[in-house]
Amino acid sequence: QKLPAGAYKIKILRAEDTPDALCLLFDIVDGEYQDYFKNKLADDRKSYGADKAKFKGVLRFWYPDGGEHDDSKKRRLKTALKTINDSNRLGIDFTKEWDGAQLSGAVVGMIFRDKEWSYNGKTGFTAQPYSVISLDDLNSGNYKIPEPLTLSPAATAYSVPNAATTPMTPPLDDDLP
């Protein structure tokens, strides 16, 4: 079953601080698509084997690296952390030393948008995490689903790896709620 673009209530299962990014591993916690990524991982393990299956409920917030997009990376990370903190009343002071594990168990809204992909001459769309929103905004419908992100015509002629599916250690079944 394909996840449609939209807004969903998600729970952060684990937060990993890597050298390049803060990675949030999450799953949908209610509605028709509850446990979507956990179930997708189980299905993919059956279809492709455990070594090829990847947990795809991941949102990365890239750290500034001295490049031209540093301001937007900082803004995106700061906004997401504030939204998660405020929605869960975590009381974390992100201006001081903190541990990403403090985000585990937090519940927040997440917007997914369709993103076009191309692989081995085939194309399609898949819903990808786009941004974090407050539970208040999710519950009141105070959000907008962005337009689908399409590939340029030249990009569809080649197989392009998807950064959203780069290997990450899937949560062990014991780690999942």
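Count residues from 1 along the sequence.
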| field | Within 6.0 angstrom of Lys2 NZ, more than 12 heavy atoms from elsewhere | value | yes
| Partners of Asp70 by side-chain contact (heavy atoms from CB on, under 4.5 Å), sequence neighbours excluded? | Pro64, Asp65, Lys73
| request: For side chain to side chain donor-acceptor pair (under 3.5 Å), just list the numbers for Asp27 and Tyr33, CA-CA rounded to whole Å, side-chain angles, deciding distance to a tenth of an Å, and then say yes or no. | output: CA-CA 9 Å; Asp27 211 341; Tyr33 296 96; over 6 Å; no
| message | Testing the 3.5 Å rule here: is there a donor-acceptor pair between the side chains of Tyr48 and Asp43? | response | no
| message | If we ignore hydrogens and angles and just use 3.5 Å, is the side chain of Glu116 paired with the main-chain N or O of Leu149 as donor and acceptor? | response | no
| task | Can you see which heavy atom on Asp137 is nearest to which on Tyr143, and at what distance? | result | O-CD2, 3.6 Å
| With a 4.5 Å heavy-atom cut-off, do Arg60 and Thr18 have their side chains touching? | no
| message | Would a single hydrophobic cluster contain both Met110 and Val107, if residues Ile, Leu, Val, Met, Phe, Trp and Tyr are joined by side-chain heavy-atom contacts under 4.5 Å? | response | no
| request: Drop me the distance from Ile111's CD1 to Ile145's CD1, to the nearest 0.5 angstrom. | output: 5.0 Å
| said: Once you measure the plane-to-plane angle for Phe37 and Phe112, does it fall in the parallel (<30°), tilted (30-60°) or perpendicular (>60°) bin? | reply: parallel
| query | Between NZ of Lys115 and OH of Tyr130, what distance do you get to the nearest 0.5 Å? | reply | 12.5 Å
| task | List the steps, then state whether side chain to side chain contact (heavy atoms under 4.5 Å, CB included) holds for Ile28 with Asp35. | result | CA-CA 5 Å; Ile28 298 170; Asp35 297 326; over 6 Å; no
| So do Asn142 and Asp136 actually touch side chain to side chain, heavy atoms under 4.5 Å? | no
| query | Would you say Tyr36's side chain and Leu3's backbone share a donor-acceptor pair under 3.5 angstrom? | reply | yes
| query | Hey, are the side chains of Asp114 and Thr126 touching, using non-hydrogen atoms and a 4.5 Å cut-off? | reply | no
| request: Might you point out which heavy atoms bring Ala5 and Ala127 nearest each other, and give the distance in Å? | output: N-CB, 4.1 Å
| query | Heavy-atom distance under 4.5 Å between the side chains of Ile10 and Val132, does that happen here? | reply | no
| message | If I compare all heavy atoms of Leu90 with all of Ala106, which pair ends up nearest, and what's the gap? | response | CD1-CB, 4.4 Å
| Point-to-point distance, once rounded to the nearest 0.5 Å, from CZ of Arg76 to NE2 of His69 | 13.0 Å
| message | Using the salt bridge (charged side-chain N to carboxylate O under 4.0 Å, His left out) criterion, which residues pair with Lys9? Sequence neighbours excluded. | response | none
| message | Check whether Asn139 reaches the backbone of Leu135 with its side chain - one donor and one acceptor, N or O, closer than 3.5 Å. | response | yes
| field | Ile133 reachable from Val58 in the ILVMFWY side-chain graph, under 4.5 Å edges | value | no
| message | Using only atom types and a distance under 3.5 Å, with no angle test, would you say the side chain of Lys40 pairs donor to acceptor with the backbone of Gln1? | response | no
| query | Are any of the side-chain heavy atoms of Ser104 and Leu13 separated by less than 4.5 Å? | reply | no
| query | Within a strict 4.5 Å, meaning less than it, do heavy atoms of the Arg14 and Phe26 side chains meet? | reply | no
| query | Any link between Tyr8 and Val29 through a network of hydrophobic side chains (Ile, Leu, Val, Met, Phe, Trp, Tyr) touching at under 4.5 Å? | reply | no
| Where do Ile12 and Leu25 land on the side chain to side chain contact (heavy atoms under 4.5 Å, CB included) test, with the steps shown first? | CA-CA 6 Å; Ile12 298 171; Leu25 283 75; over 6 Å; no
| task | Check step by step if side chain to side chain contact (heavy atoms under 4.5 Å, CB included) holds for Leu22 and Leu59. | result | CA-CA 8 Å; Leu22 173 64; Leu59 179 60; over 6 Å; no
| query | Stepwise, does the side chain to side chain contact (heavy atoms under 4.5 Å, CB included) test hold for Leu24 with Phe61? | reply | CA-CA 8 Å; Leu24 303 181; Phe61 293 97; 3.6 Å; yes
| note | Quick note, side chain to side chain donor-acceptor pair (under 3.5 Å) partners involving residues 78-92, not counting sequence neighbours, are Lys82-Asp86
